[in-house]
Amino acid sequence: AVEVAMAADLAERAEQGGRYEEVLRHIRVVASGKALSAKHRYLFTVSAKQVFSALRDRARGQPEAPRGEGGPAGEGKPLQEELVDVCLAAVGIAERQLAIPADLESVVFYSKVVADYSRYVASLACGAPRDRAVRRARECYAEAAAKASEGLSPAHPLHVGVLLNYAVFVHDVLADCCQAIRIAEDALQKVTKTPPGTFGGSYIEVAPLVSALRENLETWRAEIPATPRAPPQPAKPEAEEVAKGVEPQVQPLPPTTPKLAIRCWTKASAAAAALSAEQQRMRSAMAAVTARIESDVALPENLQLVERCRETYHPGCFIYRFGRRRLHVSSRSAPACDEVLVVVRCGGGFVDFADFAQRHGGAEQLRQRAEAAEGGVVHLHSAR
């Protein structure tokens with residue numbers, strides 16, 4: 001018990017310092033002895049996601065090492081193996097929590113964690129390990145969806161998140177676009193039929209998930225080729241006319257006019273125009289939020305938009321520099337409301353930017369100024 005309590009305290013201290021590998025290591029100790037509290041469950045999801053995202057960013061920035069060899073500069077393991085290790089650690093923690101009697105929401109949550117990180121393993125591994133990961137992800141997504149339908153509102157953020165990720169798994173890993181569309185459409189239909197007063201969470205949590213479902217559906221529907229239509233057949237002469245020997249009248253075809261298509265090389269493409277409009281929308285929403293909170297909340301001096309997120313699973317997401325961190329930020333329209341929400345992707349879910357800034361802004365501002373005064377190097381952490 002003393003070891004567990006000490007590990008819990010060390011995990012909280014490490015999280016305040018942005019040392020997420022330490023957080024995950026201490027949470028493994030905490031999870032081995034008891035059910036995680038809401039606070040420690042949050043630390044678990046954030047730290048696992050942060051460590052995984054940091055390793056994935058490093059892996060993308062260097063050439064792939066041959067299997068069985070270490071990475072550059074004498075690293076002990078290839079980054080791909082480290083990514084798999086992080087996923088298996090997260091799966092292990094979640095499975096230990098599933099073995100402890102808990103309420104239905106906790107069962108759905110940890111089943112989703114096992115499914116999500118098994119999906120990541122499936123995207124990294126090959127052969128028998130990949131097959132096991134695919135099988136485990138499929139079982140846990142199905143289990144989480146079934147349990148969520150038993151006791152959670154269709155508009156509960158956890159319920160919507162399970163179906164969103166389940167659809168992504170079916171599309172990306174199982175390569176079944178039609179089934180993915182059916183899962184997403186069913187989820188959206190049930191959300192829209194749910195009265196706003198019965199939502200199991202806030203609009204800030206639900207709105208980005210619903211928006212992601214809609215954007216995925218639009219993309220997936222475009223992947224299904226349209227059924228080609230047969231060319232119209234000329235009308236057959238009536239039986240009486242054929243019998244009488246009457247020559248059927250054939251309507252002449254209208255004259256065709258040649259058309260000239262001109263491509264304007266200096267005009268921006270529709271995709272570029274859409275991206276520019278989306279960036280402006282994001283900038284405007286962020287400016288409105290920061291203007292409202294800057295008198296009460298300390299913000300890092302380098303808060304700025306860096307680029308659009310390159311993750312396929314993060315539609316409408318932009319990277320913002322926030323002190324030493326790189327935040328994945330989106331602007332979303334709230335359901336049944338004219339307001340625009342600014343949210344940070346964090347720990348597999350979404351957090352209101354104002355709440356995130358209030359929690360981390362002061363510490364990031366102090367670290368940034370201290371490092372600038374010492375002439376040190378600023379290390380960026382990715383929050384997704």
Side-chain angles (χ1 to χ4, degrees), residues 27 31 35-38 40-42 44-46 48-49 52 86-123 130-176 179-191 193-194 198-202 205-206 208-213 216-217 220 313-314 345-350 384:
I27 287 295
L36 294 178
S37 64
H40 293 144
R41 191 167 79 174
Y42 169 80
F44 162 49
T45 55
V46 170
K49 197 71 173 179
F52 179 83
V86 172
C87 293
L88 295 180
V91 169
I93 292 173
E95 287 181 335
R96 284 196 293 273
Q97 293 297 299
L98 284 172
I100 302 173
D103 56 19
L104 183 139
E105 184 174 341
S106 295
V107 172
V108 174
F109 174 82
Y110 288 114
S111 296
K112 176 180 178 293
V113 170
V114 175
D116 286 342
Y117 283 95
S118 296
R119 169 165 61 93
Y120 298 151
V121 173
S123 67
R130 181 184 187 278
D131 294 340
R132 287 195 297 270
V134 170
R135 184 165 55 251
R136 186 66 172 139
R138 181 188 295 172
E139 292 171 353
C140 288
Y141 276 131
E143 176 73 10
K147 291 290 185 182
S149 64
E150 291 177 8
L152 298 181
S153 163
H156 191 287
L158 181 56
H159 195 169
V160 180
V162 166
L163 296 179
L164 170 63
N165 289 10
Y166 192 9
V168 170
F169 165 75
V170 170
H171 177 271
D172 292 355
V173 179
L174 302 185
D176 190 343
Q179 178 65 11
I181 289 175
R182 283 193 291 270
I183 294 172
E185 285 179 338
D186 183 62
L188 271 180
Q189 186 178 21
K190 290 179 179 178
V191 169
K193 289 182 178 179
T194 303
T198 62
F199 272 38
S202 68
E205 297 176 278
V206 177
L209 302 173
V210 172
S211 179
L213 275 171
N216 286 346
L217 272 176
W220 296 341
Y313 312 127
H314 298 178
R345 186 179 294 271
C346 190
F350 295 91
R384 301 187 179 185

**Q** How far does NZ of Lys147 sit from CG of Leu152, to the nearest 0.5 angstrom?
**A** 11.5 Å

**Q** Shortest non-hydrogen contact from Val86 to Ala48?
**A** CG1-O, 4.1 Å

**Q** Search all heavy atoms of Val160 against all heavy atoms of Pro154 and return the closest pair with its distance.
**A** CG2-O, 3.3 Å

**Q** Looking at side-chain heavy atoms only, is the closest gap between Val113 and Ile93 below 4.5 Å?
**A** no

**Q** From Leu158 CG over to Leu163 CG, what is the distance, rounded to the nearest 0.5 angstrom?
**A** 9.5 Å

**Q** On a heavy-atom basis, which atom in Leu98 and which in Val107 lie closest, and how many Å separate them?
**A** CD2-O, 3.7 Å

**Q** Working to the nearest 0.5 Å, report the span between CG of Leu174 and CZ of Arg138.
**A** 5.0 Å

**Q** Mind checking the OG-CD spacing from Ser111 to Glu139? Nearest 0.5 Å is all I need.
**A** 11.0 Å

**Q** When rounded to the nearest 0.5 angstrom, what is the spacing between CG in Asp131 and CZ in Arg135?
**A** 7.0 Å

**Q** Would you compute the distance between atom CG of Asn165 and atom SG of Cys140 and round it to the nearest 0.5 angstrom?
**A** 13.0 Å

**Q** Should the pair Tyr141 and Tyr166 be assigned to parallel (<30°), tilted (30 to 60°) or perpendicular (>60°) ring geometry?
**A** parallel

**Q** So which atom in Leu104 and which in Glu150 form the shortest heavy-atom distance, rounded to 0.1 Å?
**A** CD1-OE1, 4.1 Å

**Q** Please name the pair of heavy atoms, one in Ala133 and one in Val121, separated by the smallest distance, quoted to 0.1 Å.
**A** CB-CG1, 3.7 Å

**Q** Answer yes or no: is there a side-chain heavy-atom contact under 4.5 Å between Gln97 and Arg41?
**A** no

**Q** Any carboxylate oxygen within less than 4.0 angstrom of a Lys/Arg side-chain nitrogen, looking at Asp116 and Lys112?
**A** yes

**Q** Judged by atom type as modelled, is there a donor-acceptor pair below 3.5 Å linking the side chain of Glu95 to the main-chain atoms of Val114?
**A** no

**Q** Pick out which of Tyr42, Phe109, Tyr110 makes a side chain to side chain contact (heavy atoms under 4.5 Å, CB included) with Leu36.
**A** Tyr110

**Q** Are Arg182 and Asp186 ion-paired here, with the side-chain N under 4.0 Å from a carboxylate O?
**A** no

**Q** Any idea which heavy atoms bring Val191 and Ala155 closest together, and the distance?
**A** CG2-CA, 4.3 Å

**Q** Taking the side chain as every heavy atom from C-beta outward, state whether His159 and Val108 have any atom pair closer than 4.5 Å.
**A** no

